[in-house]
Amino acid sequence: MSKKFETNAIRTQLNRSENLEHSVPMYVTSSFVFEDAEDMRASFAEEKERNVYSRYSNPNSSEFIEKVCQMEGAENGFAFASGMAAVFSTLAALLDSGDHIISSRSIFGSTHSLFNNFFPKWNIDHSYFKSNELESIEELITPKTKILYAETPTNPGVDVLDLEVLGKIAKKHNLILVIDNCFASPYLQQPIKFGADLVIHSGTKLMDGQGRVLAGITVGNKELIDKVYRFSRITGPALSPFNAWVLSKSLETLAVRVDRHCDNALKLAEFLEAHDKVNWVRYPFLKSHPKYEVAKKQMKAGGCVVAFEVKGGLEAGQKFFNSIKLLSLSANLGDSRSIVTHPASTTHSKLSTEERADTGITDGTVRVSVGLEHIDDIIEDIKQALG
Ligand SMILES: *Cc1c(COP(=O)(O)O)cnc(C)c1O
């Protein structure tokens, strides 16, 4: 455990067969065999820790979980088929009918829909706070409040929430602090250090980093993870062994990839800030970012996402999108390929204009997930599209 982040990401290997393969094998199996009747009984009684059925655990998932736990400084975790499976299963495992959740309003669109449209069916209520008004959180707390939920940096407004402040509020009021750390990746930011109880990731984004597989993971406090595990082994959102194997491999290169994503993103942000057809640019490690100091305190670098507004509103924005040649128009992020999106007409189209404004999205907002192509080519494409 005293080894560095990069070394653990590469050298953590829980499984090796008698063939002594160097690269980890894939355990594409639904179930596992028992030695005899007593072994079977003891395994089902959970008297021994072993694999029984891949809905519960699988060697590839366990290795992926172990790596993320090391990265995040977490005790235990569970791996899911998607980021949303992680969000839903984690919260559903912890919340009871009548409970209340306080959440940042600037959260992933599907998480927003979960709170607004589905949790009320089970009598689970929520209150939102604005990402730049953390001082309003305490006023929202009721005797029923159980969870404080947030993402940072936010999507697509690229706002930054102070994790230390959130950690202190959660501790003072005995709330479970759950942080979706997907935008930062465990390489840039470890929320548990600041008081988070659980950390959620969509592995689909920077963790895989090459736009291949869907995945999710929740790590954190052992007792809470046990509740998440009990719920999930029954309801069945487990990650497939193949995707877990892909993810474990992806994590070996997370540090070098994210370093380059961040270098490219900062260069693009600086280019955009100096461009006369751009109204504003938001990137956590730009000095002009309102939370620059907070970002510096809790993040190693600014991440892969840059948001900006093209001058001329919706019409100019659409013209910009139609002029893009190299970059992809797609909904993913954290991919090796740079991606541009128009949140108002796509990922956040289900929100009202007012809700969009609260999350920092205007009609002309462009979100760029800066990839790993050469920065000169990325800038060249955006420059010609702005022209
Ligand atoms: C993509 C994303 C999710 C959902 O992940 P999926 O793997 O697409 O289900 C959750 N939170 C954030 C911040 C995301 O970007």
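All ligand and atom numbering here is 1-based and tracks the order in the structure.
- Ring orientation note: the planes of H126 and Y128 are tilted relative to one another, at an angle of 30° to 60°.
- Nearest heavy-atom pair across K146 and D99 is NZ-OD2, 2.8 Å.
- Checked by atom type, the side-chain pair S17/E21 shows a donor-acceptor distance below 3.5 Å.
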Between ligand 1 and the protein, give all atom pairs where both partners are nitrogen or oxygen and the distance is under 3.5 Å, as lines of names plus distance to 0.1 Å.
| unit_1 | atom_1 | unit_2 | atom_2 | d |
| --- | --- | --- | --- | --- |
| ligand 1 | 5 (O) | S202 | OG | 3.0 |
| ligand 1 | 7 (O) | G83 | N | 2.8 |
| ligand 1 | 7 (O) | S202 | OG | 2.8 |
| ligand 1 | 7 (O) | T204 | OG1 | 2.6 |
| ligand 1 | 9 (O) | G83 | N | 3.1 |
| ligand 1 | 9 (O) | M84 | N | 2.8 |
| ligand 1 | 11 (N) | D180 | OD2 | 2.6 |
| ligand 1 | 15 (O) | K205 | NZ | 2.7 |

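- Between S62 and S57, the side chains place no donor N or O within less than 3.5 Å of an acceptor N or O (distance only, hydrogens not considered).
- Under the 4.0 Å criterion applied to side-chain N and carboxylate O atoms, R233 and E46 are assigned as salt-bridge partners.
- By the 4.5 Å heavy-atom criterion applied to side chains, L333 and F183 are counted as neighbours.
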